[in-house]
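Here's the structure we're looking at; comments come further down.
Just so you know, ligand 1 is whichever comes first in the structure, and atom 1 is the first atom listed for that ligand. For this chain, numbers begin at 1 and follow the sequence in order.
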Amino acid sequence: MQEFEQALHLSATAVVQKLDQLLPVPQDAESRLHEAMRYAVLGGGKRLRPFLVLNSAALFAVNTDCALRVAAAIECIHCYSLVHDDLPCMDDDDMRRGRPSTHKQFDEATAVLAGDALLTLAFDILSRPETHEDPHVRCELVAMFAEAAGARGMVGGQMIDLLAENQNLPVGAIARMQQMKTGALISLACDAGAALGRASPPHRQALHAYAFDLGLAFQIADDLLDSQGDASQIGKTPGKDQAAGKSTFVASMGPDRARTQAQFLSDQAVKHLDLFDKKADLLRQAASYIVNRQA
Ligand code: GRG
């Protein structure tokens, strides 16, 4: 676990450096917007999705700077989703990553705009030749990001989540919602690494299957942290899912079965990596980190 945490820390440092470069603050009338974008992106976070991009891309010997750009793009989308999710019209959370949410630090309108601009910035990054020399690969990345982040992925999942409050969804419907809301970006991270490396179909399928199980395991662990975690460790307000009547894995199956299911999914995720050699060891370790994490 120590090796994994060190690797996660190293990749987080590299991606923060890349995000810092990609988010300058022009001294213009709109500089407040750029400050809010930087605030949303640069303050903390595990940087798990960038880690998955970098380590999936490394399996196919992708140029590190290209992979870092894609890692930064996915983190921009993730951070935009957190900024919008924290707004009063969504989850209404004053704390994120252990400090005031973006709308508390700035104001609601600025937070909406910062989220919008981060989403757009992600596609700007992907479209540039520095991200990949082959325009077909860049187009493939753009299409993958759009599908995962949009109505058939993360935003669609958020819609179901909002509609499902106080509804007691069956576990299959919860799994579909969580797969869209959270799993889509986690799968995207691995799919994007494989696309950057022009991986063969069997390699792509294996990584995709790994990320699918990982995404669900991640969400169950997130539900458990929300129900049992400590605010100072998780950096946000715990107990919000139950208070809002959310349909979660923990609410549906109870904490013990949820924990067992998360471990099962984590083990299954690792099995999908069997066709990769030792180069996939950090991805294997990520599966156990995800279910045992405290934040
Ligand atoms: C509002 C467009 C829009 C989408 C919202 C992803 C999402 C959909 C909302 C985030 C709310 C949330 C807490 C979802 C549960 C899973 C999740 C994404 C947790 C946060 O991800 P971590 O743990 O966060 O990777 P850090 O801070 O480490 O990056």
Looking at [X], which atoms of ligand 1 are within less than 4.0 Å of one of its heavy atoms?
X    : value
R97  : 26 (P), 27 (O), 29 (O)
T182 : 16 (C)
Y80  : 2 (C)

Have a look at ligand 1 and work out which part of [X], if any, has a heavy atom under 4.0 Å from it: side chain, backbone, both or neither.
X    : result
R49  : side chain
D222 : side chain
L82  : side chain
K46  : both

Can you see which heavy atom on R49 is nearest to which on A189, and at what distance?
->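 It is O-CB, 3.5 Å.
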
Indicate yes or no: does an N/O atom of Q219 lie under 3.5 Å from an N/O atom of ligand 1?
->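 Looking only at distances, the answer is no, because the N/O contact criterion of under 3.5 Å is not met.
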
Residues 139-156, side-chain donor-acceptor partners within the protein, below 3.5 Å, at least two apart:
residue : atom : partner : partner atom : Å
E140    : OE2  : R204    : NH1          : 2.7

What's the spacing between L126 CG and R69 CZ if we round to 0.5 Å?
->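 Going from the CG atom of L126 to the CZ atom of R69 covers 8.5 Å.
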
Remaining members of the apolar cluster that contains V25, side-chain heavy atoms under 4.5 Å |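 Noted: V25 shares its cluster with no other residue.
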
Please state whether the rings of Y80 and H84 are parallel, tilted or perpendicular, taking 30° and 60° as the class boundaries.
-> perpendicular

Is a salt bridge present between D222 and R293, judged by a nitrogen-to-oxygen distance below 4.0 Å?
-> yes

